[in-house]
**Q** 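Dropping the structure in here first, questions after.
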Amino acid sequence: MSNVIVLGAQWGDEGKGKVVDLLAERFDIVARYQGGHNAGHTVFIGEKKFVLKLIPSGILRPGVEAVIGNGVVIDLAALLDEIAALESHGIDATKQLRISNRAHVIFPFHRLIEKMSEARENRIPIGTTSRGIGPSYEDKTGRRGIRIADLYDPESFRDLYDTLAEDKKTLAATFNLHDTIDYAEIRAQHELYAEKIRPMVCDTAALLADAMARGKRILFEGAQGTMLDIDHGTYPFVTSSSASAGGASIGTGVPPTRIEGIIGVSKAYNTRVGSGPFPTESDDAAGDLLRREGNEFGAVTGRPRRCGWFDVPLLKYTAMVNGFDTLFIMKLDVLDCLEEIPVCVRYRLHSADVTEMPATYRALEAIEPVYENLPGWHTSTRGIARFDGLPTEARAYLKFLEERTGVEVGGVSTGPERNETIVRAGSKLERLIG
Ligand code: GDP
Ligand code: IMO
Ligand code: MG
């Protein structure tokens, strides 16, 4: 009985929400291990569309427990909004959801600091989601952050909060920022929020350990994607947490030895939101076509996503740092109308072959991708649910990705809905989710 991680192999929005929702019925618990409400995981169930930000996509499966792990940063107002939105669809999230007492809190002033940081002269803006994610993680690593457990120790919370607020006021003044924040009101609000979530708060590492001891299976849900990982991504154009596989252990307290499988989720092409290098970006008509066909607009901010081609060196890199057992290739149907499909097969830099992922964004910006063109299939693959039902060229395309990345393509998605999915018979994926 294996515990498995599902995470993004590119720059996010690969379709993790769909995969987690799909697989959740085979697991007892779905646990989020990092990020916050910067994530936007879209799940379609028939006519209904859900965009989950903080709450693991497993919540949509009755009977599955959803855990927000210690590695997540939580905006309590956003969390309560999300719970209310689910309630309006008849889902009582409070029954299934458990929240780590060690997760850090995002306060409204974190957004202020982020605004300041993004707007600073001589600083390259990252193009963040403006949710206060980075500043909250800064306070965490700066050892002055406030955790969910602190909210239940009123005296200590007031002291911690007032000290943190003083810090932020000083910072705002230093940068001449017009600071209209009512710090005392925010503190009082959080005392109320804390009561509302109290029944869901616990030591989730202990909860998961106990569940494993009883033979329960855990599915770990990554947010963002490996190339946005704070260590392994395109630094500094990254998010502030460990989106890669290692983060699952740190962000939940489940030992690495208890995680048996890692599923990488990748689009059949590539997208990115926000700034930063993107070697296979196609900022021309082809990119527009991908955006239109793939409806590539941010689930959280509505920003148009930058679009481009599948990047083999990038996938090999994310497979290396994560140890993917198998790949789920998403949105194959978006390529249906193309005559030819370019795939980047290697990188060149200053006329020489590049064998390792460059460490600096400057080098990555200078990369010259080398493409091979594969024939398109010009027919609809939408909704095809059997691998041998795919057109020959589509199968050849997937085989090419598999051979060049060195990772099995175990799953293929041909539409946003649950049933528009292929799990290949005899694949590692099939065995992992068994
Ligand atoms: P996530 O952040 O990784 O969960 O991905 P997002 O939800 O931000 O973006 C993926 C989008 O693609 C969502 O709108 C999904 O409904 C949609 N989607 C997922 N799989 C497919 C697919 O195979 N085909 C199409 N056309 N859309 C898909
Ligand atoms: P999901 O889980 C795509 C990007 C932002 C920005 C950078 C830093 O839906 O795949 P942040 O607000 O995290 O400090 O922004 O990371 N980013 C995402 N891009 N999908 C996401 O989440 C993202 N979460 C953050 O656009 O470039
Ligand atoms: Mg998303």
Side-chain angles (χ1 to χ4, degrees), residues 6-22 32 34-45 48-54 56-57 72-73 75 106 110-111 114 117-118 124-138 221-230 233-241 243 264-269 271-278 290 292-306 328-336 380-385 411-422:
V6 169
L7 79 135
Q10 298 167 314
W11 277 287
D13 304 324
E14 296 92 346
K16 301 176 288 293
K18 169 174 167 168
V19 175
V20 169
D21 166 67
L22 191 76
R32 259 286 289 280
Q34 44 74 232
H37 64 316
N38 49 349
H41 298 171
T42 318
V43 180
F44 278 94
I45 305 173
K48 281 192 184 170
K49 178 183 173 180
F50 298 88
V51 180
L52 295 151
K53 294 165 187 151
L54 260 168
S57 309
V72 175
V73 282
D75 178 321
I106 304 179
H110 284 126
R111 290 200 297 273
E114 179 160 2
S117 162
E118 285 279 274
I124 319 160
I126 307 299
T128 68
T129 59
S130 311
R131 298 294 188 268
I133 303 290
S136 172
Y137 277 117
E138 279 177 44
E221 174 178 351
Q224 288 76 56
T226 307
M227 296 310 277
L228 289 171
D229 179 282
I230 183 78
T234 46
Y235 193 87
F237 299 98
V238 291
T239 191
S240 298
S241 62
V265 185
S266 167
K267 280 177 186 161
Y269 49 100
T271 64
R272 168 163 211 168
V273 199
S275 322
F278 182 0
L290 290 174
R292 198 173 56 244
E293 295 294 317
N295 191 24
E296 295 296 356
F297 295 89
V300 169
T301 58
R303 290 178 289 177
R305 295 175 181 150
R306 297 158 64 193
F328 225 115
I329 298 291
M330 313 299 288
K331 302 186 97 163
L332 185 74
D333 55 299
V334 172
L335 305 180
D336 284 350
S380 174
T381 59
R382 179 70 191 255
I384 293 180
V412 183
S413 175
T414 55
E417 298 241 14
R418 283 175 175 170
N419 59 355
E420 297 174 314
T421 312
I422 299 167

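Atoms within each ligand, like the ligands themselves, are counted from 1 in listed order. We use all heavy atoms of the structure for the numbers below, so side chains are in, but hydrogens, waters and symmetry mates are not.
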**Q** Is the closest heavy-atom distance from R305 to ligand 1 below 4.0 Å?
**A**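 Yes.
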
**Q** Is there a heavy atom of G40 sitting under 4.0 angstrom from any atom of ligand 1?
**A** yes

**Q** Side-chain contact, heavy-atom cut-off 4.5 Å: I106 with R131?
**A** no

**Q** Would you sort out whether H41 and E221 count as a side chain to side chain donor-acceptor pair (under 3.5 Å), showing the intermediate values?
**A** CA-CA 10 Å; H41 298 171; E221 174 178 351; 2.5 Å; yes

**Q** For P125 versus S275, what's the shortest heavy-atom pair and its separation?
**A** O-OG, 3.4 Å

**Q** Have a look at ligand 1 and work out which part of T414, if any, has a heavy atom under 4.0 Å from it: side chain, backbone, both or neither.
**A**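 For T414, the contact with ligand 1 is made by the backbone alone.
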
**Q** Under 3.5 Å, N or O to N or O, is G415 touching ligand 1 that way?
**A** yes

**Q** Identify the two heavy atoms, one from D75 and one from L54, that lie closest to each other, and give their separation to 0.1 Å.
**A** O-CD1, 3.9 Å

**Q** Using a 3.5 Å distance criterion without hydrogens, assess whether the side chain of R32 forms a donor-acceptor pair with backbone atoms of G36.
**A**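 Present.
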
**Q** Between K267 and D13, does at least one N-O distance fall below 4.0 Å, as a salt bridge requires?
**A**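 Judged by the 4.0 Å cut-off on N to carboxylate O distance, K267 and D13 do not form a salt bridge.
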
**Q** Provide the number and element of each atom of ligand 1 under 4.0 Å from a heavy atom of M330.
**A** 20 (N)

**Q** Of R305, E14, K331, Q10, which is the lone residue that meets side chain to side chain contact (heavy atoms under 4.5 Å, CB included) with T271?
**A** R305

**Q** Look only at the side chain of T239 and the backbone of S241, and say whether a donor-acceptor pair between them is shorter than 3.5 Å.
**A**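 Answer holds: no.
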
**Q** Please give me the minimum heavy-atom distance between Q34 and V72, naming the atom from each residue.
**A** N-CG2, 3.6 Å

**Q** Taking the side chain as everything from C-beta on, heavy atoms only, tell me whether T421 gets closer than 4.5 Å to F328.
**A** yes

**Q** Any idea which atoms of ligand 1 are less than 4.0 Å away from a heavy-atom of K18?
**A**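 Listed by number with element: 20 (N).
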
**Q** Looking at CD of E420 and CE of M330, how far apart are the two atoms once the value is rounded to the nearest 0.5 Å?
**A**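 Reported to 0.5 Å precision, the distance equals 10.5 Å.
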
**Q** Heavy-atom contacts with F44 under 4.0 Å: which atoms of ligand 1 show up? List them by number with element.
**A** 16 (O)

**Q** Calculate, to the nearest 0.5 Å, the distance between atoms OH and CG belonging to Y269 and L290 respectively.
**A** 6.5 Å

**Q** Please check if the side chain of K16 supplies one atom and the backbone of Q224 the other of a donor-acceptor pair under 3.5 Å.
**A**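 Checked: pair present.
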
**Q** For atom 13 (C) of ligand 1, what's the nearest protein heavy atom and its distance?
**A** T42 CB, 3.6 Å

**Q** Consider every N or O of G15 and every N or O of ligand 1, then say whether any pair is closer than 3.5 Å.
**A** yes

**Q** Side chain, backbone, both or neither: which applies to H41 and ligand 1 if a contact is any heavy-atom pair less than 4.0 Å apart?
**A** both

**Q** I'd like to know whether D21 forms a salt bridge (Lys or Arg N to Asp or Glu O under 4.0 Å) with R418, so could you lay out the CA-CA distance, the side-chain angles of the two residues, the decisive distance to 0.1 Å, and finally the verdict.
**A** CA-CA 8 Å; D21 166 67; R418 283 175 175 170; 2.7 Å; yes

**Q** So which atom in F237 and which in R272 form the shortest heavy-atom distance, rounded to 0.1 Å?
**A**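 Looks like O-NH2, 2.7 Å.
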
**Q** Please state which option from K331, K16, Q10 has its nearest heavy atom closest to atom 3 (O) of ligand 1.
**A**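 It is K16 that holds the nearest heavy atom.
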
**Q** Tell me the protein heavy atom at minimum distance from atom 10 (C) of ligand 1, and give that distance in Å.
**A**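 The closest heavy atom on the protein side is D13 O, 3.7 Å.
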
**Q** Do any protein N, O or S atoms sit under 2.8 Å from the Mg ion (ligand 3), and which ones are they?
**A** D13 OD1, G40 O

**Q** Using only atom types and a distance under 3.5 Å, with no angle test, would you say the side chain of D333 pairs donor to acceptor with the backbone of T381?
**A** no

**Q** Return the closest protein heavy atom for atom 4 (O) of ligand 1 as residue, atom name and distance.
**A** G17 N, 2.8 Å

**Q** Would you name the heavy atoms of A223 and A243 that are closest together and state the gap between them?
**A** O-CB, 3.5 Å

**Q** Could you tell me if any non-hydrogen atom of G12 lies under 4.0 Å from any atom of ligand 1?
**A**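 The answer is no: ligand 1 sits nowhere under 4.0 Å from a heavy atom of G12.
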
**Q** Any idea which residues sit under 4.0 Å from ligand 2, heavy-atom distances?
**A** W11, G12, D13, K16, N38, A39, G40, H41, I126, G127, T128, T129, A223, Q224, L228, V238, T239, V273, G274, R303

**Q** Nearest protein heavy atom to atom 24 (N) of ligand 1, by residue and atom, and its distance?
**A**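 Atom 24 (N) of ligand 1 sits closest to the protein heavy atom D333 OD1, 2.8 Å.
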
**Q** Starting from atom 20 (N) of ligand 1, which protein heavy atom do you reach first, and at what distance in Å?
**A**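 Going by distance alone, atom 20 (N) of ligand 1 is nearest to S413 OG, 3.5 Å.
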
